[in-house]
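Residue numbers start from 1 in every chain, and the chains themselves are labelled A, B, ... in the order their sequence lines are given, proteins ahead of strands. Keep in mind that this is a model prediction, so the values were computed, not measured.
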Protein chains: 2
Amino acid sequence: MTSLVPDPTRRDNTLAIVDTLRNQGPMARIDLGTANGISSATVTAITTELLRHGLVSELPAEPHRQGGRGRPKTLIRLEPEAAHVVCVKLSLNEVQVVAGDFAGQVRHAETHSLTTATLTPDTLCDVLEEHIQAVSAALPGGPRRLDGICLAIQGVVSPASGMLIWSPALRFRNTPLTGPLAERLGCPVMLENDTNCIASILARQPAYADTPNLAVIMLGYGIGMSVLIDGRPLLGANGSAAEIGHSKFEPGGALCACGRRGCIEAYASDYALYREAHALLSLPPGDSAHPSEAQMQALVRLAEQGDPVARQIYHKAGRALGYGIANVLALFNPDLVLVTGSGVRGYAAMQPALEAAIDEALVPELVGASRLATHPWDRDMTCLGGIGLILEATDPMRLTDLSS
Amino acid sequence: MTSLVPDPTRRDNTLAIVDTLRNQGPMARIDLGTANGISSATVTAITTELLRHGLVSELPAEPHRQGGRGRPKTLIRLEPEAAHVVCVKLSLNEVQVVAGDFAGQVRHAETHSLTTATLTPDTLCDVLEEHIQAVSAALPGGPRRLDGICLAIQGVVSPASGMLIWSPALRFRNTPLTGPLAERLGCPVMLENDTNCIASILARQPAYADTPNLAVIMLGYGIGMSVLIDGRPLLGANGSAAEIGHSKFEPGGALCACGRRGCIEAYASDYALYREAHALLSLPPGDSAHPSEAQMQALVRLAEQGDPVARQIYHKAGRALGYGIANVLALFNPDLVLVTGSGVRGYAAMQPALEAAIDEALVPELVGASRLATHPWDRDMTCLGGIGLILEATDPMRLTDLSS
DNA sequence: CTGATATAATTCAGCACTCAAAATAATCTG
DNA sequence: CAGATTATTTTGAGTGCTGAATTATATCAG
């Protein structure tokens, strides 16, 4: 077995090769070299080592394929079994647990309801440990050793220290989470903001490869954002950067859940839209504090069918969100602003007012400097992103099978 | 002469040593090693090479000094004569030209008035070339070869492409500047936003060493900002990030120079303060479009003496700026916000309203997460920062004297 | 089927770098 | 002056990367 602490250069090259294989699929040695700017000889050296430890394998040659002449490429692929990781997404009254393999493929997914508001740090860890153990056991091949866990939590977290600062789903604050969980589960645990997970997986998509400065706005019960600067999420001093939801539309404006007035969230989030609508319109019944998907869809439908009250509500929301986005454009100057989250269902209804507001608010020099688009919402994206992040953070050197 | 393209590791280590010497002054080899995490043997190898090329020299041992026992340290210092750089700061109707040596010390400084609005790209280059040549000739030791030039321009610039995007001082836009100037002057030219120069030199000060996420707000005729994220300036897609001046206080508010309404700048910049004041108060005479320093100081004095109109003007400005800063805190979550620029003269008058506005606007979870302070204004800071940046960007490998 | 051609992967020789340890240098203490 | 102490330099070993040469495996033309 080779040294566990190799030369930093070798380490960088190894990580680059593994990441390339994960993001772009099986690839020949020579292509791995050109893709990462290293010589083919070095790729051979590195892949030989990885093969020896079972982290990658050679794809059996397929007879037909390959139009070209000379010796056919031997594709290298990540060995899916080499590692198993889990991403746990914790949001209000729901916990989603997804397991993935070394190649980043999802192996198993579960969603559970629970009352999050009454959890203590201890009972939260109990619940998470239980669910994670269950998922590990449910993996094909019986209980598997887990090589890393990503905790994706809505709210403010500090990835560096592993502390939960504040989450709308939980009553307690400023609590270390990764330490206790890592101890209970015996594997590395990382903590991330849920929106950063989504942004990271969006940034990996080829469509957004040329937009390294990316702002991803999440519309939902609240409004969140993740800003990628040169591909890396902006964290800020204590992990609570990019709080667009509580940036201001107008002083003394609508009351926000945070207690202040005039926050963007107080106009364009689900709870704000619902608050305006439920007294004036007849929507399906539900919990008054937390509008259901059915209720929100009914509201959007009304707006799309031309109901003046619903239209007015979305117009106001679009205007507020437009002003918020204009500030984001002025302050971050991103290549692209991507709007997603369950709230995109109402984007079309907001769009005219939103775009007009941006035109009205944005300094003329910046008009047209950034693109604005939506991305369809998929509730599993968070965990996919978290699996990508924990795999990226998982040191291949540590996975080496000691028996070899 | 050794290879011009050394191993990247060696290159990194060499740059680290030169930067350490520049920022922390003369230092012994062993301390250079511990400061940069490299072995003393490697430091010897690198300094030997630098000595050979005349980029550093050994400080003559001072007999007394050194309380300690064993062999005394031999201090290495940057050889000031090894390079000469110039920073040119272009602002409305003024150009400032400052020359510095390899150690970062100012050698010569000039300030000239000119009418910037009528300049074309060509005539601008003419003027700059002339001034730079003059400064090069004025250096002790006659005309010196210049090893790098930093162009610090107010407005939006693209450091990567060397393009001026837009500046309030100039009529033309989207024009390449570094290319033509480099050709005329025969040395590398870099382009930076003036505020980024100031932020970079502030960040280097020991007092701000522990605040890698720093927002520097420049109050003056307009309002600018530079945001350092982990010590690096945020540029954005085309260099126009951090435009706090045109972030919004209130929809439909005061008219801004940019043509929009409600920008922070339309309340708290010199021109906005003056616009409010000059009809109501008796201030010293001056150009109505560009208030003079004397006029602005008179206005501040009135506010400090309790004049209700002046106080009201600064109150309103403070409130708008406070809302702007609250957005910056929510979106960037910096360790520290530093307010500087000539406009700090009015900070005390704005402070109560400013702090109240932040309390009123900032989401409670973030209150207290960032510090807020002012930094005394010094109009030479820009060029000092620019000299630091161009020296940092100057590759020591390229300075090697070919005759050695 | 054979030889020419083409491309991929591996091996090899050479070089650059770092580091730990040993050697050397320069100073102070008693 | 003989240690003791600290700084710097030299040396030897180890590791990594690369280009060139070599080997492996295919297609193509006839």
Side-chain angles (χ1 to χ4, degrees), chain A residues 1-17 20-21 26-52 56-77 396-397, chain B residues 1-17 20-21 26-52 56-77 396-397:
Chain A
M1 175 144 180
T2 50
S3 159
L4 278 169
V5 191
D7 186 283
T9 312
R10 171 57 68 100
R11 196 189 138 75
D12 287 351
N13 287 338
T14 306
L15 290 178
I17 286 177
T20 305
L21 288 173
M27 198 178 276
R29 289 171 176 79
I30 189 169
D31 298 322
L32 285 169
T34 53
N36 292 293
I38 52 187
S39 75
S40 171
T42 301
V43 175
T44 293
I46 290 172
T47 53
T48 304
E49 194 70 2
L50 290 173
L51 276 166
R52 205 166 67 74
V56 305
S57 53
E58 291 187 340
L59 224 53
E62 303 194 19
H64 48 313
R65 293 274 181 244
Q66 311 239 158
R69 298 241 282 171
R71 175 174 173 173
K73 302 177 191 233
T74 317
L75 299 188
I76 308 277
R77 65 157 185 183
M397 321 296 167
Chain B
M1 178 145 180
T2 49
S3 157
L4 278 170
V5 191
D7 185 284
T9 312
R10 169 58 66 100
R11 195 188 138 75
D12 287 350
N13 288 338
T14 307
L15 291 178
I17 285 176
T20 305
L21 288 174
M27 201 179 274
R29 291 172 174 75
I30 190 168
D31 297 322
L32 284 169
T34 52
N36 293 293
I38 53 188
S39 76
S40 170
T42 301
V43 176
T44 291
I46 290 171
T47 54
T48 303
E49 194 69 4
L50 291 173
L51 276 166
R52 204 166 69 75
V56 304
S57 53
E58 292 187 341
L59 225 51
E62 302 192 19
H64 48 311
R65 291 274 181 245
Q66 310 239 159
R69 300 240 283 166
R71 174 173 177 173
K73 301 177 191 237
T74 315
L75 299 188
I76 308 276
R77 65 158 187 183
M397 322 296 168

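A donor-acceptor contact under 3.5 Å is not formed by the side chain of A:R69 with the base of C:dA6.
For the side-chain hydrogen bond (donor to acceptor under 3.5 Å, both in side chains) test, no residue two or more places apart in sequence or in another chain qualifies with B:T34. Contacts of B:T48 classified as side chain to side chain contact (heavy atoms under 4.5 Å, CB included), with partners at least two apart in sequence or in another chain: B:T44. Under the side-chain hydrogen bond (donor to acceptor under 3.5 Å, both in side chains) criterion, A:T14 pairs with no residue at all, not counting sequence neighbours. With sequence neighbours excluded, the residues forming a side chain to side chain contact (heavy atoms under 4.5 Å, CB included) with A:A28 are A:I30, A:D31, A:K73, A:L75, listed by chain and number.
Side-chain contact check for B:T20 and B:N36: at least one donor-acceptor pair (N or O, by modelled atom type) lies under 3.5 Å.
The CD1 atom of B:I30 sits 15 Å away from the P atom of D:dT5 (whole-angstrom rounding). A straight line from CD of A:E49 to C1' of D:dG16 spans 13 Å, rounded to a whole angstrom. In this entry the distance linking CG of B:L75 with P of C:dT27 reads 13 Å, nearest Å. Computed from coordinates, the A:L59 CG to C:dA9 P distance equals 12 Å when rounded to whole Å. Rounded to an integer number of Å, the gap from CZ of B:R29 to C1' of C:dT24 is 14 Å. Distance CD1 (B:I76) to P (D:dA7): 14 Å, rounded to an integer number of Å. As rounded to whole Å, 13 Å separates atom C1' of D:dT5 from atom NZ of B:K73. Distance CG (B:D31) to P (D:dA7): 7 Å, rounded to an integer number of Å.
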Can you check nucleotides 15-19 of chain C for protein contacts, nitrogen or oxygen pairs under 3.5 Å, and list what you find?
unit_1 : atom_1 : unit_2 : atom_2 : d
C:dT18 : OP1    : B:N13  : ND2    : 2.5
C:dT18 : OP2    : B:R10  : NE     : 3.2
C:dT18 : OP2    : B:R10  : NH2    : 2.9
C:dC19 : OP2    : B:S39  : N      : 2.9
C:dC19 : OP2    : B:S39  : OG     : 2.9
C:dC19 : OP2    : B:T42  : OG1    : 2.9

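At the phosphate of D:dT23, neither OP1 nor OP2 sits under 4.0 Å from any side-chain N or O atom of A:R71.
Within the structure, salt bridge (Lys or Arg N to Asp or Glu O under 4.0 Å) pairs that include any residue of residues 35-47 of chain B do not occur (at least two apart or interchain).
The shortest side-chain heavy-atom distance between A:R29 and A:E58 falls under the 4.5 Å cut-off.
When distances run from any side-chain atom of A:T44 to the nucleotides D:dA26, D:dT9, C:dT10, the shortest one goes to C:dT10.
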